[in-house]
Amino acid sequence: MHIFDSVQKTKRLFTPQNESKVTLYVCGPTVYDDAHLGHAKSALVFDLLVRVLRANGYAVTYARNITDIDDKIIKKAVEQNKSIKEITEFYTDAFHKEMAQIGVSRPDLEPKATESLDAMYMLIRKLIDSNHAYQTEDGDIYFDTSSDSQYLTLSKRVQNEDEKINRVENSSHKKNSADFALWKSVKDGTVVFDSPFGAGRPGWHVECSAMIEKHLADKDMNFAVDIHGGGADLLFPHHENEAAQTRCGTNHALANYWMHNGFVNIDGEKMSKSLGNSFFLKDALKVYDGEVLRFYLLSTHYRSNFNFNQEDLAASKKRLDKIYRLKKRLFGLAEDRDKTLFQEELLKALSDDLNISNALALIDEMVTHANETLDTAGKHKELKAETLSNLAYIEEILGFGSKNPFEYFQSGVDDETKTKITELILKRDEAKKAKDFATSDKIRDEILSYGVSIMDTPQGTFWEKV
RNA sequence: GGUGCCAUCGCCAAGUGGUAAGGCCGCAGCCUGCAAAGCUGCUAUCCCCAGUUCAAAUCUGGGUGGCACCUCCA
């Protein structure tokens, strides 16, 4: 397996620290609002990574945190006159439900910031004791970036002199402009935790370092985790700061491999909270099938920026439809359990830094070949069993094709309409039998008016929602 | 301003030195009562210029054009 390391900026052979065991940590959502397409993309990318790692025989422990302590959460709670817990539980629950709809499996561990405060206190204490952090007179605790000779080596940023001056003016209590808060003392009485350093709340960056140390890290290893992932925007400052804290506060570096997924743009525009053009997953799910969204969002390489638009989504749907039509063609038959050459090639493609384009090309070719053979006369018992095994493998490793193929094509159609369509198809079949094509075509037009298309096959007439 | 990334058919998108995968759209055909679905065939020399090399979409230099991060963000 090869992984592009976004810190070393090169594709590296993946070798876990601990033989066949792999630890993966991904920065999860801050639960103060609905998940947008970017959250979906990130969750999908790492869901795929875990599936591919497991298919390669690794025992993976995958952790994705829930940030449930944050100023924006508190702001929302105050605005809506609700408790913090009500807000975070509502959005955490929504996040889980929406992720399930796009086929994202739950991580093995889902640590919450509120459940990891002890680990944060411990890490902050270590950083203070080792002179990597200091407390100001108003109670804030900052990480002293000048104490870490390796600071900025992760993002390879060069500090700008003008920026330095501006920031120091804004926050005169900091020793260095780049110093970031580990602990914010809070005086407004809203939400505070009683820490050994006084009342306040933890800084964002310290949450992840502490959670990794508490829930995932192997203390004896050179790296806390094998792989650390997240959105491309997190490289700086979030991951830079996380790495600094872990490096200075523990006996190991944070991660051996870093993976950052590209962004989702909407019709060429960046989607961001400040621009207010977020496309929420829940809204997309009202219009599009979850699995189509999964296929579409995964259809472009994870590191590329992704431009969401309806035309490309429609093309993805057609591509996924072909998988389901083949599945429909073989419905109810028994599969073969032997691993096929196709499966080996598919895994090989995905093991090359998740080369999804090559993987999809292999799938298209497999589907076409299977259809071609099935079109010709003969029973092809072996091919059918093998193809079903291939489809099952695609489902396992990519999460495509998990539904009943008939339901997939008819989702969103109510029972009353379904009954009506079935009746019309029967009527049309009778007209066809009697060679009354004028009537049968008229009935077909009526069926089409329900927004479905029909197809005559040797097994009978089937219909699909358009 | 600093740092970094990218530029391949109408659209999406692989390919990082050996002579351009795949999908969508389009055209022609097979199949079909006609369709739909499925299948077959056809459709690019890789932003521009210069260089390195027996050989470059792939490497180097210079342009041009996009984009990202530097501020909460996946």
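The sequence lines fix the lettering, A, B, ..., with proteins before strands; numbering per chain opens at 1. Not measured: the values here are computed from a predicted model.
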Checklist entry - Within the stacking criterion (centroid distance below 5.5 Å, interplanar angle below 30°), does A:Phe263 stack on B:rA74? => result yes
Are any protein N/O atoms closer than 3.5 Å to N/O atoms in nucleotides 28-33 of chain B? If there are, list each pair with its distance.
unit_1: B:rG33; atom_1: O6; unit_2: A:Ser440; atom_2: OG; d: 3.4
unit_1: B:rG33; atom_1: N1; unit_2: A:Asp441; atom_2: OD1; d: 3.0
unit_1: B:rG33; atom_1: N2; unit_2: A:Asp441; atom_2: OD1; d: 3.4
unit_1: B:rG33; atom_1: N2; unit_2: A:Asp441; atom_2: OD2; d: 2.7

Which is true for [X] with a 4.0 Å heavy-atom rule: it touches a base, it touches only sugar-phosphate, or it touches nothing?
| X | result |
| --- | --- |
| A:Ile454 | base |
| A:Gly38 | base |
| A:Lys41 | nothing |
| A:Val26 | nothing |
| A:Glu464 | nothing |
| A:Ala315 | sugar-phosphate |

Set out, line by line, the N/O atom pairs under 3.5 Å between protein and nucleotides 39-45 of chain B.
unit_1: B:rC39; atom_1: OP1; unit_2: A:Thr368; atom_2: OG1; d: 3.4
unit_1: B:rC39; atom_1: O4'; unit_2: A:Asp375; atom_2: OD2; d: 3.2

Checklist entry - Going by the angle between their ring planes, with limits at 30° and 60°, are A:Phe295 and A:Phe400 parallel, tilted or perpendicular? => result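 Rings of A:Phe295 and A:Phe400: tilted, 30 to 60°.
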Checklist entry - Is the distance from OP1 or OP2 of B:rA36 to the nearest side-chain N or O of A:Trp463 less than 4.0 Å? => result no
Item to check | Interface residues of residues 305-312 of chain A with RNA chain B (non-hydrogen, below 4.0 angstrom) | outcome: A:Asn305, A:Asp312
